[in-house]
Amino acid sequence: MTAEYKVLGDVAVITMTNPPVNGLGHSTRIGITDGLAKANSDAAVKSIVLTGAGKAFSGGADIKEFGTPKALQDPNLLSVILALEASPKPIVAAIHSVCMGGGLELAMGCHYRVVSPGTSVALPEVKLGLLPGAGGTQRLPRVLGVETALNMIVSGEAVKSELLASAPGQKLFDKLAASPESVFDEAVEFAKSVAAKGGELPLVRNLPCKHPQGDAYFQFAKNMVGGMSKNYPAPLKCVDAVQAATKMKFDEGMAEERRLFTALMFTPESLSLRHLFMAERAASKIPDVADDTPQRAVKSVGVIGAGTMGGGISMNFLNAGIPVKILEMKQEALDRGVATIKKNYEAQVKKGKLKQDKYDQRMALLTTTLSYDDLKDCDLIIEAVFEELGVKEAVFKELDRVAKPGAILASNTSTLDVDKIAAFTKRPQDVVGMHFFSPANVMKLLEVVRGKATAKDVLATVMAIGKKIKKTSVVSGVCDGFIGNRMIEQYSRQAGFLLDEGATPQQVDKAVEKFGFAMGPFRMGDLAGNDIGWAIRKRRATERADMKYSRTADKLCELGRFGQKTGAGWYDYQAGKRDAIPSQVVLDLIEKHRKDEGITPRKISDEEIVQRLVYALVNEGAHILEDGIASKSGDIDMVYLTGYGFPIFRGGPMHYASQVGLYNVSESMKRFAKNPHDDASFWQPAPLIQKLVAEGKNFS
Ligand code: 3HC
Ligand code: NAI
């Protein structure tokens with residue numbers, strides 16, 4: 001059992017003890033009902049306090065138990081709450097730190113609630129594609145009013161307890177404790193006083209629940225919520241459930257909530273969001289690096305290169321209150337870089353997103369230099385200079401000369417071999433890749449590239465730093481393109497073949513955007529600059545002479561159509577505008593290319609487009625797992641969800657493939673392998689996929 005029972009005088013105390021956040025798994029539920037039974041059968045006990053040990057009252061239902069038989073085993077959360085309500089002795093919840101989801105539902109089943117200031121209070125189920133399923137949609141409107149409750153349920157956002165406790169007419173909290181340290185003692189005193197008073201015990205279920213505008217208000221709410229939650233069914237169902245609270249008797253409303261909750265539990269959207277929750281946390285764990293690996297202190301950061309990436313990288317650390325020193329070759333480059341940082345912050349101040357004093361604090365943490373010797377005290381130095389091995393060599397040799405022992409030396413290279421870079425130093429164990437994505441101050445993804453010599457404490461430190469600067473960090477081994485760009489190359493190749501075979505850029509983009517990608521491959525190419533891929537292809541021409549790809553992209557670049565920055569790419573652009581206008585020049589180019597290659601165009605369905613692009617990611621992702629470049633399929637999903645605009649509600653390429661069924665995916669791959677205009681060898685399903693299909697398994 002993960003709940004403890006003890007008696008303090010005439011007060012019984014039930015403490016949930018299920019770290020890390022007292023998730024309400026089966027053993028905790030049993031512990032609570034067991035404690036309750038003991039308290040109610042002990043004549044010496046006059047009242048009961050329910051609380052949570054450690055860093056939460058409760059973070060809600062145990063997400064890890066979802067979909068397992070344990071989730072359904074009695075007592076379930078509903079029956080635990082019924083047992084609390086039915087207790088003849090008053091129960092006071094002593095709430096602190098985190099009170100979320102099922103945890104809040106549990107608290108609302110108690111007769112009274114004493115809360116510590118600073119507690120995060122939420123019904124966040126919607127973020128998992130669900131709605132509160134243990135009375136949250138029926139009880140919260142009764143204690144906070146329909147509108148406040150609906151806002152909390154539909155947004156899933158946490159509200160601080162002191163704000164809720166001071167809301168006029170609220171009945172959620174009976175007392176706001178003086179401090180987190182005193183909340184437990186205050187709850188015990190509160191329990192003693194209500195027991196002494198006697199009288200009928202209050203139940204939230206008996207409170208009225210109405211909205212003055214009735215159905216008209218809910219129609220308005222549905223219009224608003226429906227417009228904002230296109231691909232997600234849960235938010236609208238939240239509105240339905242709260243509406244039921246205002247129209248039905250309590251128990252009928254509960255039944256309606258349960259019906260809606262159960263229907264959401266196995267929607268692909270909920271499965272994807274739950275996968276995302278777990279994968280995001282799992283990404284920070286590296287199989288052979290223990291959680292308690294000692295970390296190196298990082299109190300100051302050096303950044304080399306004040307260009308596109310160096311500036312954005314610096315901002316991350318300034319935002320987190322860590323001093324940054326930027327080094328450049330020339331004063332003009334430094335001035336330009338600092339001006340860009342200033343401009344970015346000033347834009348945030350103008351929009352009201354950053355307070356002036358914060359801006360001043362951040363800029364005060366920034367210093368510049370032209371001399372490597374000034375980096376001698378930095379704990380972490382990140383290089384973001386030109387993408388040429390020779391330039392990196394010069395930089396890392398200088399760093400090896402000046403950096404203090406134990407300083408972490410990181411490269412932001414996107415394509416070069418981190419092991420080669422590490423070998424330019426006499427301390428390869430201190431060298432690591434920190435691959436940020438552009439714009440580096442905005443994009444969530446950080447690929448942490450582990451060289452063959454990278455020390456474990458360096459990895460642990462960089463992962464912790466990633467968390468501090470609010471990135472989703474994913475570890476990648478060393479290979480061309482790491483996880484993300486290695487996969488995108490296959491995706492881009494398919495996009496090219498599709499043009500050769502009969503599709504247009506706009507058809508491909510539309511199909512992929514309908515699937516949910518933020519942007520199709522051609523619009524994305526125009527935004528990022530088609531010349532970047534062109535340069536990479538030229539560099540690889542000798543290394544991978546046998547790699548088949550469509551030459552349309554090279555021909556486009558030969559016309560100088562690099563994308564938005566040149567006013568023309570796969571699409572035409574009007575000056576100062578970003579709208580992609582289909583281009584006759586491009587259509588003619590593609591048609592001529594087909595003729596040159598002797599390809600007769602055919603009609604290609606949107607389904608085929610999506611499958612070829614997404615399954616190309618999946619097959620390469622499987623090879624990446626086989627090669628040990630990524631340690632788990634969830635890591636690959638995180639890369640795509642946070643760095644490449646893969647639709648969140650589909651949970652990432654590997655999760656999506658598992659949802660479709662790996663057998664189906666592999667059959668499609670075999671079909672694509674027969675297409676004479678495609679690359680048959682690429683479409684052999686990766687051995688890992690074949691193995692999983694044979695075993696009837698999927699990636700997760
Ligand atoms: N069940 C099981 N484990 C949980 C959990 C939960 N509800 N919430 C968090 N955890 C685990 C995480 O997986 C992580 O585990 P790990 O250390 O092994 O990786 C650990 O707790 C810490 O999580 P965070 O890294 O997120 O820690 P933070 O301190 O930043 O945040 C938190 C804590 C605010 C509780 C945050 O984890 C959170 O928002 N959790 C989700 C809460 C939630 O969605 N609850 C609703 C569940 S659904 C429900 O209750 C259904 C009911 O209505 C029937
Ligand atoms: P950039 O050209 O905008 O900036 C590079 C800066 O480095 C310039 O300001 C230059 O003056 C400076 N520099 C060059 N050699 C130097 C040296 N020896 N000492 C000090 N400063 C020097 O380039 P960008 O785009 O910022 O790229 C930097 C690195 O980041 C490259 O390795 C690139 O592959 C990588 N990267 C780029 C991404 C992008 O989208 N631009 C995304 C992810 C990684």
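Note that ligands are numbered from 1 as they come in the structure, with each ligand's atoms numbered from 1 the same way. In this chain, numbering begins with 1 at the start of the sequence shown.
- Contacts with ligand 1 closer than 4.0 Å are made by heavy atoms of both the backbone and the side chain of A61.
- Neither side chain, H435 nor N412, offers a donor N or O lying under 3.5 Å from an acceptor on the other.
- The nearest non-hydrogen atom to atom 13 (O) of ligand 1, considering only K467, E125, R281, E280, comes from R281.
- Of all the atoms in ligand 1, the ones that sit under 4.0 Å from a non-hydrogen atom of M100 are 34 (C), 39 (O).
- Looking at R336 and E328, no side-chain N of the basic residue comes within less than 4.0 Å of a carboxylate O on the acidic one, giving no salt bridge.
- Using modelled atom types, one finds no donor on one side chain facing an acceptor on the other under 3.5 Å when comparing T33 with R29.
- Remark: ligand 2 and V385 share an N or O pair separated by less than 3.5 Å (distance only, no angle test).
- Annotation: M309 places an N or O atom under 3.5 Å from an N or O atom of ligand 2; distance criterion only.
- Under 4.0 Å from ligand 1, not a single heavy atom of K127 appears.
- Residue-ligand proximity: P124 is placed with a non-hydrogen atom under 4.0 Å from ligand 1.
- Stacking of R486 on the aromatic ring of F482 is not recorded, the 6.0 Å distance cut-off and the 45° axial limit not both being met.
- For atom 18 (O) of ligand 1, the nearest protein heavy atom lies closer than 4.0 Å.
- Taking every heavy atom of F66 and a limit of under 4.0 angstrom, the matching atoms of ligand 1 come to 48 (S).
- Proximity of A394 to ligand 2 is not established, as no heavy-atom distance is less than 4.0 Å.
- Exactly one of D531, D526, N530 qualifies for a side chain to side chain donor-acceptor pair (under 3.5 Å) with K565. That residue is D531.
- Of all the listed residues (G59, G103, A283, P132), G59 holds the heavy atom that lies closest to atom 45 (N) of ligand 1.
- Per-atom contact check: atom 24 (P) of ligand 1 touches the protein, criterion being a heavy-atom distance below 4.0 Å.
- Using a 4.0 Å cut-off between heavy atoms, K392 contacts ligand 2 through its side chain alone, with no backbone atom that close.
- Contact atoms of ligand 1 toward E105: 52 (C), 53 (O), 54 (C) (distance under 4.0 Å to a heavy atom of the residue).
- For L128, every heavy-atom contact with ligand 1 shorter than 4.0 Å involves the side chain, none the backbone.
- Between the CG atom in D417 and the CG atom in L389 there is a gap of 8.0 Å [rounded to 0.5 Å].
- The closest side-chain donor-acceptor pair between K160 and T119, if any, does not fall under 3.5 angstrom.
- Ligand 2 has F386 within reach: a non-hydrogen atom of the residue lies less than 4.0 Å from it.
- Considering backbone and side-chain atoms together, E387 places an N or O closer than 3.5 Å to an N or O of ligand 2.
- Between E387 and K392 there is a salt bridge, since a side-chain N of the basic residue sits under 4.0 Å from a carboxylate O of the acidic one.
- Not a single heavy atom of E65 sits less than 4.0 Å from an atom of ligand 1.
- There is no side-chain donor-acceptor pair under 3.5 Å between T148 and N151.
- Between W534 and F562, the angle of the ring planes lies from 30° to 60°, which puts this pair in the tilted group.
- Taking a 4.0 Å cut-off on heavy atoms, H435 registers as neighbouring ligand 2.
- The distance from atom CD1 of I421 to atom CG of L399, rounded to the nearest 0.5 Å, is 11.0 Å.
- Remark: atom 32 (O) of ligand 2 lies closer than 4.0 Å to at least one protein heavy atom.
- Within ligand 1, counting atoms from 1 as listed, the ones closer than 4.0 Å to a heavy atom of K55 are 27 (O), 29 (O).
- The aromatic rings of Y644 and Y640 sit parallel to each other, their planes meeting at less than 30°, with 60° as the upper class boundary.
- Residue-level proximity to ligand 2 for T415 is absent, since no heavy atom of it falls below 4.0 angstrom.
- Distance check for atom 6 (C) of ligand 1: a protein heavy atom is found below 4.0 Å.
- Looking at G133 next to ligand 1, an N or O pair under 3.5 Å apart turns up.
- The two residues I408 and V462 make their nearest non-hydrogen contact at CG2-CG2, 4.2 Å.
- Among all heavy-atom pairs drawn from A107 and C99, the shortest one is CB-SG, 4.4 Å.
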Worked check of side chain to side chain donor-acceptor pair (under 3.5 Å) between N22 and S58: CA-CA 5 Å; N22 296 318; S58 170; over 6 Å; no

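- Here D62 has heavy atoms under 4.0 Å from ligand 1 in both its backbone and its side chain.
- In terms of polar-atom proximity, I63 is counted as a contact of ligand 1, with an N or O under 3.5 Å from an N or O of the ligand.
- The shortest N or O to N or O distance between T413 and ligand 2 is not below 3.5 Å.
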